[in-house]
Amino acid sequence: MDERAASLGLKPGMGIADARAMHPRIEIIEADPDADRRLLESLADWCDRFTPLVALNGADGLFLDINGCAHLFGGEDAMLEEIVRRLTHQGFDARAALASTPGMAWAATRYYEGRDRNVPAGEEEHALAPLPLAALRLEEKTRFGLESVGLRHVGALLGAPRAPLARRFGSMLITRLDQALGMIEEVISPRLPVAPLSVERQLAEPIGTREDIERLVLILARTLKGDLERRGEGARRLQLSLFRVDGAVVRIRVGTSRPLREPPLIARLFQERLTALENSLDAGYGFDLVRLSVAVAVPFVMQQADFSGHASEEEEALSLLADRIRARLGNGAILVPALVESHVPERRARFAPIEEEARARPTGTTGPLPTAGARPIRLLEKPEPVTASAEVPEGPPLSFRWRRALYRVARAEGPERIASEWWHEDPPAPTRDYFHVEDMAGRRYWLYREGLYGETAAPRWFLHGIFP
């Protein structure tokens, strides 16, 4: 309900028929809670220019934790005025208040008659006293119960004994009162993770071209390098936030396969990403704030290169190439084998994005990851059945027939017994006995017998892998 409808005497919750009986020409628009939610989230994105600690509050409010940020905007009052002014220019009817506790700020925003208000620390009790009970964010049942005994304002609760109030109306009443007064800490949970490092540039003249953005990224990356060096870290994931003049926010993310500090390399990755997004990047009336953040940082391990330096240069060039391809085509463009915590051979490895596989390695680890036991380089996509004959039931095969060809076994090793992952499978798969066999021609294969004698009528044989 807008202000004009409120001035006509209409109230939230009134039936449409009753409202039209009072004012036949009133305009009724169907509510769209999902669209309201998306709008509120976009406003939360825009508020990220003031503080990274932004939380949604209900269907129509935002909490901003500006601790340590107000001096960047000329102080608390100037910051509050700037937020309201910018929202008003965007066409929003905004009410704002500032206080040392979220509960006090919430109450002042909704129940002070002024458009905005800054409640100094230590004056919460004086500011809350004249406000209605709804300012404490109480449940409707609790509020009606208090009003029925003549307690209609917060000031009536401040001097009342707490034990009878808690016993009759519940402990939440005391909790809400203490939260507003600052006696109990109330934490604001931001909707987006806070980057450990960020650098930004506020622009007097908005920019909109890709070339201008790339030049600014290089400047910000140079500042970021000094911060990373002081912390002894390198960036593994970076985010570029572009704040448009009209309030929209564009976020561009890139990942690296190794910790990165060098500004030209960081700028190169974002150049690739911006090139890929050139047709879909809408600058509108331009970006007036650009922020470069390190979303994930890891310790930067300095490695001693050899005298030639060729091996190190080749490895760095390969990593940069992989990062550029992923920045241009997405994280799924390059996949590498990665180990999985499973003892079943076909589940032992999977293809994963190179960034995800690198994060799984310990810091400073290079080279191939260790494997458990001798395994063939090539596993068949699906084990193929073979016909095998063995001298004794539990022994290795003497010969086997695969794809209509007969292979006679010259040497064999095994069995290596591998049970099923019964905690993942219902019913559990049969137990396997693997054999490493070599035929008369020197070709080596990996066969297994599925099932145990005595448990199944006739165990079956399969070929699972081929050794080089």
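Model, not experiment: these values are computed from the prediction. Just so you know, residue 1 is the first one in the sequence shown, and it goes up from there. The figures here come from the full heavy-atom set of this structure, side chains too, leaving out hydrogens, waters and symmetry mates.
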remark   = Arg328 meets the salt bridge (charged side-chain N to carboxylate O under 4.0 Å, His left out) criterion, sequence neighbours left out, with Glu272
query = What residues form a salt bridge (charged side-chain N to carboxylate O under 4.0 Å, His left out) with Arg273, not counting sequence neighbours?
reply = none
message = What verdict does the side chain to side chain donor-acceptor pair (under 3.5 Å) test give for Asp323 and Ser257, after you've listed the backbone C-alpha separation in whole Å, the side-chain angles of each residue and the deciding distance to 0.1 Å?
response = CA-CA 7 Å; Asp323 294 340; Ser257 55; 3.3 Å; yes
Heavy-atom closest contact (Pro206 atom, Val245 atom, distance) = CG-CG2, 3.7 Å
ask   = Who passes side chain to side chain contact (heavy atoms under 4.5 Å, CB included) against Val249, sequence neighbours left out?
value = Asp45, Phe243, Arg251
key: From CA spacing to verdict: salt bridge (charged side-chain N to carboxylate O under 4.0 Å, His left out), Glu82, Arg86   = CA-CA 6 Å; Glu82 176 74 4; Arg86 283 177 171 261; 2.6 Å; yes
Inter- and intrachain pairs under side-chain hydrogen bond (donor to acceptor under 3.5 Å, both in side chains), touching residues 157-177, at least two apart = Arg162-Asp178, Arg176-Gln179
inquiry  = Quick check for you: to the nearest 0.5 Å, what is the distance between Arg191 atom CZ and Cys47 atom SG?
reply    = 10.0 Å
Heavy-atom closest contact (Glu233 atom, Ala297 atom, distance) = OE1-CB, 3.5 Å
ask   = Can you find a heavy atom in the side chain of Arg20 that is under 4.5 Å from one in the side chain of Ile28?
value = yes
message = Please enumerate all residues that pass salt bridge (charged side-chain N to carboxylate O under 4.0 Å, His left out) together with Arg210, with sequence neighbours excluded.
response = Glu214, Glu278
message = Quick one, Thr209 and Asp212 - any side-chain contact, counting heavy atoms below 4.5 Å?
response = yes
query = side-chain hydrogen bond (donor to acceptor under 3.5 Å, both in side chains): which pairs involve residues 284-301, sequence neighbours left out?
reply = Asp48-Arg291, Arg49-Asp288, Ser198-Ser293, Glu200-Arg291
inquiry  = Would you say CG of Asn279 has more than 12 non-hydrogen atoms from neighbouring residues, nucleotides or ligands within 6.0 angstrom?
reply    = no
task = Could you pull out the closest heavy-atom pair between Val344 and Ala419, with the gap in Å?
result = CG2-O, 4.4 Å
message = Quick test of your reading: applying side-chain hydrogen bond (donor to acceptor under 3.5 Å, both in side chains), list the pairs with at least one residue in residues 147-159, sequence neighbours left out, ordered by first then second residue.
response = none
request  = Just grab all the side-chain hydrogen bond (donor to acceptor under 3.5 Å, both in side chains) pairs involving residues 55-67, residues at least two apart or on different chains.
outcome  = Asn57-Trp106, Asn57-Arg110, Asp60-Arg110
ask   = Can you name the nearest heavy-atom pair linking Ala107 to Leu128, along with the distance?
value = CB-CD2, 4.0 Å
ask   = If you draw a 6.0 Å radius around NE2 in His343, do more than 12 non-hydrogen atoms from other residues or ligands fall strictly inside?
value = yes
key: Minimum side-chain heavy-atom gap Phe169-Val149 below 4.5 Å   = yes
task = Enter the distance from Leu39:CG to Phe92:CZ here, rounded to the nearest 0.5 Å.
result = 4.5 Å
query = Excluding sequence neighbours, so at least two apart, what forms ring-ring contact (aromatic ring centres under 6.0 Å, His included) with Phe73?
reply = Phe50
request  = May I ask you to test the Leu192-Val54 pair for a side-chain heavy-atom distance under 4.5 Å?
outcome  = no
ask   = Considering only heavy atoms from C-beta outward, does the side chain of Glu123 approach that of Pro120 to under 4.5 Å?
value = yes
task = Would you check if the side chain of Ser319 reaches a backbone N or O of Arg258 as a donor-acceptor pair within less than 3.5 Å?
result = no
request  = Using the test side chain to side chain contact (heavy atoms under 4.5 Å, CB included), find all partners of Ala17 that sit at least two apart in sequence or belong to another chain.
outcome  = none
query = Do Arg117's NZ or CZ and the ring of Tyr112 fall within the cation-pi criteria of under 6.0 Å and 45°?
reply = yes
Test log, rule salt bridge (charged side-chain N to carboxylate O under 4.0 Å, His left out), inputs Arg38 and Glu41 = CA-CA 5 Å; Arg38 290 193 297 269; Glu41 290 178 349; over 6 Å; no
ask   = So, do Leu151 and Leu165 sit near enough that their side-chain heavy atoms are less than 4.5 Å apart?
value = yes
request  = Apply salt bridge (charged side-chain N to carboxylate O under 4.0 Å, His left out) to Arg244 and Asp246, showing your working.
outcome  = CA-CA 5 Å; Arg244 269 182 9 188; Asp246 60 358; 2.7 Å; yes
Straight-line distance of Leu62 CG to Leu40 CG, nearest 0.5 Å = 4.5 Å
note = Heavy atoms of Val217 and Ala267 approach each other most closely as CG1-CA, 4.1 Å
inquiry  = What I'd like to find out is whether the side chain of Arg231 reaches to under 4.5 Å of the side chain of Pro196, using heavy atoms alone.
reply    = yes
task = Applying side chain to side chain donor-acceptor pair (under 3.5 Å), run through Ser342 and Glu421 and close with a yes or a no.
result = CA-CA 8 Å; Ser342 175; Glu421 294 178 328; 2.5 Å; yes
task = Output the distance between atom CG (Leu339) and atom CZ (Arg348), rounded to the nearest 0.5 Å.
result = 5.0 Å
Validation row: Leu238, Ile252 side chains within 4.5 angstrom (heavy atoms) = no
request  = For residues Ala127 and Met104, report the shortest heavy-atom separation together with the two atoms involved.
outcome  = CB-CE, 3.9 Å
message = Tell me every residue that passes side chain to side chain contact (heavy atoms under 4.5 Å, CB included) with His23, counting only those two or more places apart in sequence or in another chain.
response = Leu8, Leu10, Ile26
task = Carefully, step by step, assess Thr101 and Glu124 under the rule side chain to side chain donor-acceptor pair (under 3.5 Å).
result = CA-CA 9 Å; Thr101 66; Glu124 291 84 7; 5.2 Å; no
remark   = By side chain to side chain contact (heavy atoms under 4.5 Å, CB included), Ile29 pairs with (sequence neighbours left out) Glu27
